[in-house]
Amino acid sequence: MPRSSVMSRLLSVCAAVACATGALFGQWREVAVPAPFNQGYYLDVFFLPSNPNFGWACSIEGYIIRTTDAGRTWRGTQIRGGNLEYVQFLSPTVGYASGPSGAYRSTNGGSSWSDITPPLVQDEKMWGSYWLNENEGVFFVGGCLTGRQFFYRTTNAGTDWTVSVTSEPSSGLSDGIIYQNGNGYAVSSGVLWGTNDSGRNWFKINNTGSRTWNEEITVFGRSILIPSSGTDCDGQTRGVGALRFSSDAGRTWSEFQTRANMFGAFLISESTGWGVGDERSVFQTTDFGRTWIRRNCGIRGNIDDVWFVNDSIGWAVGEGIYRSDFSTGNSRITIYPDVRTTSICLGDSLFIEARGPFAPYQWSDGVVAPSRIITQAGTYAVQAYDSLTCQLVRDTLTVTLRSTFEPKITTSSAALCVGDTMTLSVSGPVRQWRWSTGDTTETIRRWSQGSVTCETIDTAGCVKRASFDVVVNPLPNPTISSLTKTTICVGQQVELRPDQDYRAYRWSNGETTKTVITSIAGRYTLQVVDKNGCAGTSNEIEVIVLDTKNKAEFLFSSSAPSYTIEDHEVGSMRCKRIQVRNTADSSDLVLSDVRFAGNVLFSVPKAQFPIIIKPKAVADVEICAAAIDTGLVVDTLLFDDTCSTIGVPVYTTGLPIVHQGVSRCDIPVQTTIVRAGSAWQLRAPYPVPASDRLFLAIGQTGTHRQTVMASIHDVMGTCVACCIALDVGSTLEHQFNIGDLHVGPYVLTLHVNGEQLHSFPFIVNR
C-alpha cells in the first residue's frame, strides 16, 4: 500500500532530525501467528496512524490478521477465494482491503468483510486502493492487458462507483495515495500519475524508468520511492528488480539494482527509506537513494511489504511476520585514543584506529580503513556493520587544534647590502625561541647571507618552525667617463656620465641628475643607489680647464664653411691645397697629423708632416680624394688642436667615364663607367639634419648576401656606435636609433671585408 507524508503522523514519537539520521539498522525478529494464518504469504501490512496499537496484514490466501496490542498477539479471518494485496483502516473498526480478487469493506475491525467490488468496465487485473476517509476512496485496476488504466472512485463506501480512464501501453496500475487537499499520486508500470481533484481525473507526470511492474508507491515530502520487479508490465520475470528513488517530486529518478524482485517500500523521511522483496531482500538508504545497505538479519524468506510505526519500530511481511528488534547484541566499536575529544598542534599528525570485530570500517569523510592519520581539526565518525547482530555500530572522535599560531620571521629590511646588518624577530604567544644561529632570544641580528630558521614553542606547547632567506647584495661600483676629452679650454664644456642606470644619483658638485655637463675644473665623483637600495661611490675623474684656446684656423669662404676638391672621374684622384693659420701670438702650431674620419675616399699625404706654422703665419696642407662612385662624396677633415678636435667638411663629386667607339658593324657604341670597384648602390643617409632616427638605403648587384659593418663617429673620431652588422642583399633600408647622441656633426662609415666602402657625414639637431 502507499506510504506517504500523510504517514508522518506515525513518526510523532521521534524528532524530525532523528527521523532523518536515526539508527535504522536491519535486525528483525519473527513473531508468532496462530494457525492456520501462520502458513500465509502476506502481501501488505498496515498500522493505524492515530493509534499504532491497531495493525493488520493481508495475504495471497485471503487471510487478514489483526492486532490490538501493537503486534504482541494476532488473530485473523479469511475471505474465501480472496487474493489480497492491500489493507487500510480509517479507524479501529472501519477498513478496506483489495487485490486481484476484488475490493472489500469491514466495519468491525476486520472480523468480517463485505464485497464492494465495482462492476468492471474491462476485464483487467485488480490491485490496490486508497481511502481518504471511511466513505471516499479509489480502486486501481488494469493496464497490462488493454493498455488502459481504470481509476474507480466511490464516495459512499463502495455502494456506487465512477471510473476515470487513462491510456498508457504496457503499464499496469497498482497503487496510489490522495491527500486531503485533493492532490495525489498513483503508480503503474514505469509511469507516475497525478491528480488534483481527489482522484476524479488523472494525468501523467513522468516516466519512472522502464515499463516493469511497480507494485507500490511511498511518498515523503518531495521524495518518492517505488519498488520494481521483473522485465515486463506484470513483473513475472524472477531475479530482476530495482528500487527507484526521486528527490524532486518525480522529475528525475535514480535506480538501484537489487537482482531480486522488489515489491514493498516505505519512506521514514525524505532521505531515509526501506525497500523489500524476494530472496530475503531488505535494503535501507539514508542518503536519498544514492547508496543502499542490506539490512535483512533475522529474515528467513521472501518479503513483500514493509511498514514503520516510527524510526525504530518496523514491520516486514511476506513469508512470515517480522518486527524490527534493535535491542539484540552488545556490539561496540571504539576509536583509539579512547577519548571523546583530543587536540593536536597545527601541522602535526595524529594516528587513530577503530577497533572491533568488524569490516569494513567507513569514516565520515569517506576513508575506508580501520586506522588512519589525522592532520586537520574536525569530528571523525567511524561506522561498521555487525553481521552477527545486523547492527551498524559507530564511534566518534573530535579533534581540535591546541593552537593556530604560525610563527613568522619579520625583518628590519627586505635585504642587506654588504656591510649592513639586519634585525630578525618572531613575535606572538611564544615561550621559547631556538634560532639556527644558536640564539634563544626573540630578536637576533644578521649580516651574512643564508637561510635562518627559528623553532618556536608557543604557550600551548606546539612546536613550529619559520625560516627566512637573508640576501646580501653587493655594493654598486659605478664608473664615470666622458665621450670627449676631459681636458678642455676656456669656454668649453665636458659631459660626465655613469656606465649604467641607477635608482638615484648624487655628484660631488651636488647635482642629482644622471649626467653632469660642466666647464669647471675639478675632481668629480658620483654616489649612486642601485635597485636593491645599496649605495656605492665611483672612481674619480678630473676635468682640466686650460687657460688657452685652439690655435689652428682653417681658411675657407665664410659663405661655404667647407672644402671642395675638384670633381673627377671615378677611379682617378684629385688633390687640393688648403690653408691653415696659426692664431697664437707667441707659440708655433705643429701639424703632426691631419686625418679624415672615413679615411677611404679622402686621404692626407703623410710625407708633408710635420708642418710647423709660426705665430700668425699661414701654411698649406694637401688633401686628396679618389671617388669610386658617381655623385657627391663627403668626409670630415679632423685635426686635434690644443683644446678640441676641429672638423671641417670636405666634398667632391665622382664623374662618369665615357668611352666611345665603333663596332665591327660600323655602329657607334658608347660605354659609361659610373662605378669603380665593387658593385654597391648607396644612398646618402636621411633625413639630414636628423633627430632620433637615421635611415640608410644600401644594396648590391651580386647574387650573394654580404655583411656590411656600420659605425658612427663623432667629430673627435670617437666611435659612439660601433660594429653594427647589416646583412645586405639586393636592397636594404636600415634604421639607426640616434636618440642618445648629442647635438652636433657625425660621420657614418661603412666597411666590407675590412675595407671601407663609404662614409657619410650627418648632423644631429633637435
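- Ring-plane geometry between Trp56 and Phe89 is classed as parallel, the angle between the planes falling under 30 degrees on a 0 to 90 degree scale with a further cut at 60.
- Of the possible donor and acceptor atoms, one in the side chain of Tyr361 sits under 3.5 Å from a partner among the backbone N and O of Gly356.
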Going through the distances and angles, do Tyr130 and Ile177 end up as a side chain to side chain contact (heavy atoms under 4.5 Å, CB included)? CA-CA 6 Å; Tyr130 186 84; Ile177 177 173; 3.7 Å; yes
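- Residues Arg80 and Ser101 bring no donor and acceptor atom of their side chains to less than 3.5 Å of each other.
- Within the 3.5 Å criterion, the main-chain N or O of Gly190 finds a donor-acceptor partner in the side chain of Asn214.
- In this structure, the separation between CD on Gln383 and CD1 on Ile333 is 8.5 Å, given to the nearest 0.5 Å.
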Going through the checks in order, is the side chain to side chain contact (heavy atoms under 4.5 Å, CB included) test met by Arg244 and Ser210? CA-CA 11 Å; Arg244 298 174 178 176; Ser210 60; 3.0 Å; yes
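- Although no hydrogens or angles enter the test, the distance criterion places no donor-acceptor pair under 3.5 Å between the side chain of Asp175 and the main chain of Gly128.
- The closest side-chain donor-acceptor pair between Glu255 and Trp253, if any, does not fall under 3.5 angstrom.
- For the residue pair Glu134 and Ala157, the shortest heavy atom distance occurs at O-CB, 4.0 Å.
- Surrounding CD of Gln257 are more than 12 heavy atoms belonging to other residues, nucleotides or ligands, all under 6.0 Å away.
- Every residue meeting the ring-ring contact (aromatic ring centres under 6.0 Å, His included) condition with Phe37, not counting sequence neighbours, appears here in chain and number order: Tyr63.
- Within the 3.5 Å criterion, the main-chain N or O of Ile224 finds no donor-acceptor partner in the side chain of Ser246.
- When only modelled atom types and interatomic distance are considered, Asp287 and Thr291 share a side-chain donor-acceptor pair under 3.5 Å.
- The CD atom of Gln376 sits 12.5 Å away from atom CG of Leu350, with the distance rounded to the nearest 0.5 Å.
- The closest donor-acceptor contact from the side chain of Thr117 to the backbone of Ala103 lies under 3.5 Å.
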Using side chain to side chain contact (heavy atoms under 4.5 Å, CB included), reason through Tyr41 and Glu319 one step at a time and then give a plain yes or no. CA-CA 5 Å; Tyr41 191 100; Glu319 293 183 278; 3.3 Å; yes
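- The distance from the CZ atom of Phe283 to the OG1 atom of Thr258 is 5.5 Å, given to the nearest 0.5 Å.
- No side-chain heavy atom of Thr212 sits less than 4.5 Å from a side-chain heavy atom of Ser189.
- Annotation: the span from Ile344 atom CD1 to Leu401 atom CG amounts to 6.0 Å, rounded to 0.5 Å.
- Between the side chains of Ser111 and Arg66, at least one donor N or O lies within less than 3.5 Å of an accepting N or O.
- Heavy-atom minimum distance, Asn133 versus Tyr96: O-CE1, 4.4 Å.
- Between Phe263 and Glu216, the closest side-chain pair of non-hydrogen atoms is not below 4.5 Å.
- Not counting sequence neighbours, Arg222 has no partner by the salt bridge (Lys or Arg N to Asp or Glu O under 4.0 Å) test.
- Between the side chain of Ser114 and the backbone N or O of Arg105, at least one donor-acceptor pair lies under 3.5 Å.
- The ring-ring contact (aromatic ring centres under 6.0 Å, His included) with Phe308 is formed by just one residue from the set Trp274, Phe220, Phe46; it is Trp274.
- Within 6.0 Å of CG in Asp123 there are 12 or fewer heavy atoms belonging to other residues, nucleotides or ligands.
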Derivation and outcome, side chain to side chain contact (heavy atoms under 4.5 Å, CB included), residues Ile226 and Ile217: CA-CA 5 Å; Ile226 296 173; Ile217 182 172; 4.2 Å; yes
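- Side-chain atoms of Thr77 and Trp113 include no donor-acceptor pair closer than 3.5 Å.
- With respect to the salt-bridge test (charged N to carboxylate O, under 4.0 angstrom), the residues Glu168 and Arg211 qualify.
- Of the possible polar contacts, none joining the Trp315 side chain to the Val309 backbone as a donor-acceptor pair under 3.5 Å is found.
- Of the residues listed (Phe151, Trp127, Phe139, Trp202), the one engaging Leu173 in a side-chain contact (heavy atoms from CB on, under 4.5 Å) is Phe151, and it is the only one.
- Counting heavy atoms from C-beta on, the side chains of Thr379 and Thr398 come closer than 4.5 Å.
- The closest side-chain heavy-atom distance from Ser281 to Met262 is below 4.5 Å.
- Between Asp278 and Arg259 no salt bridge is recorded (no basic side-chain N to carboxylate O distance below 4.0 Å).
- Residues Thr93 and Thr107 form no side-chain contact, since every pair of their non-hydrogen atoms from C-beta on lies 4.5 Å or further apart.
- The main-chain N or O of Trp161 is never found under 3.5 Å from a side-chain atom of Tyr152 such that the two would form a donor-acceptor pair.
- Annotation: side chain of Asn261 is in contact with side chain of Arg238 (closest heavy-atom distance under 4.5 Å).
- Between Val276 and Ile303, the shortest heavy-atom distance links the atoms CB-CG2, 3.4 Å.
- Of all non-hydrogen atoms in Gly235 and Asp232, the two that sit nearest each other are N-OD1, 2.8 Å.
- Under the 3.5 Å distance criterion, with hydrogens and angles disregarded, no donor-acceptor pair is assigned to the side chains of Glu215 and Ser174.
- The backbone N or O of Asn183 lies less than 3.5 Å from a partner atom in the side chain of Asn181, making a donor-acceptor pair.
- Between Thr146 and Glu124, the side chains place a donor N or O and an acceptor N or O closer than 3.5 Å (distance only, hydrogens not considered).
- Atom CD of Gln78 and atom CD1 of Ile64 lie 10.0 Å apart (nearest 0.5 Å).
- Looking at Thr396 and Arg394, their side chains never bring a donor and an acceptor atom within 3.5 Å of each other.
- Leu192 and Ala249 get closest at one heavy-atom pair: CD2-O, 4.3 Å.
- The pair Arg372-Asp365 counts as a salt bridge, with a side-chain nitrogen and a carboxylate oxygen less than 4.0 angstrom apart.
- The only member of Tyr322, Phe266, Tyr42 that meets ring-ring contact (aromatic ring centres under 6.0 Å, His included) when paired with Trp307 is Phe266.
- Contact record, Val191 with Lys204: CG1-CG, 3.8 Å, taken as the closest heavy-atom pair.
- Rounded to the nearest 0.5 angstrom, Thr73 OG1 and Ile65 CD1 are separated by 10.5 Å.
- Residues Val339 and Leu397 are in side-chain contact: their nearest non-hydrogen atoms beyond the backbone lie under 4.5 Å apart.
- A 4.5 Å side-chain heavy-atom check between Tyr104 and Leu84 finds at least one atom pair inside the cut-off.
- One N or O on the side chain of Arg153 and one on the backbone of Ser198 form a donor-acceptor pair closer than 3.5 Å.
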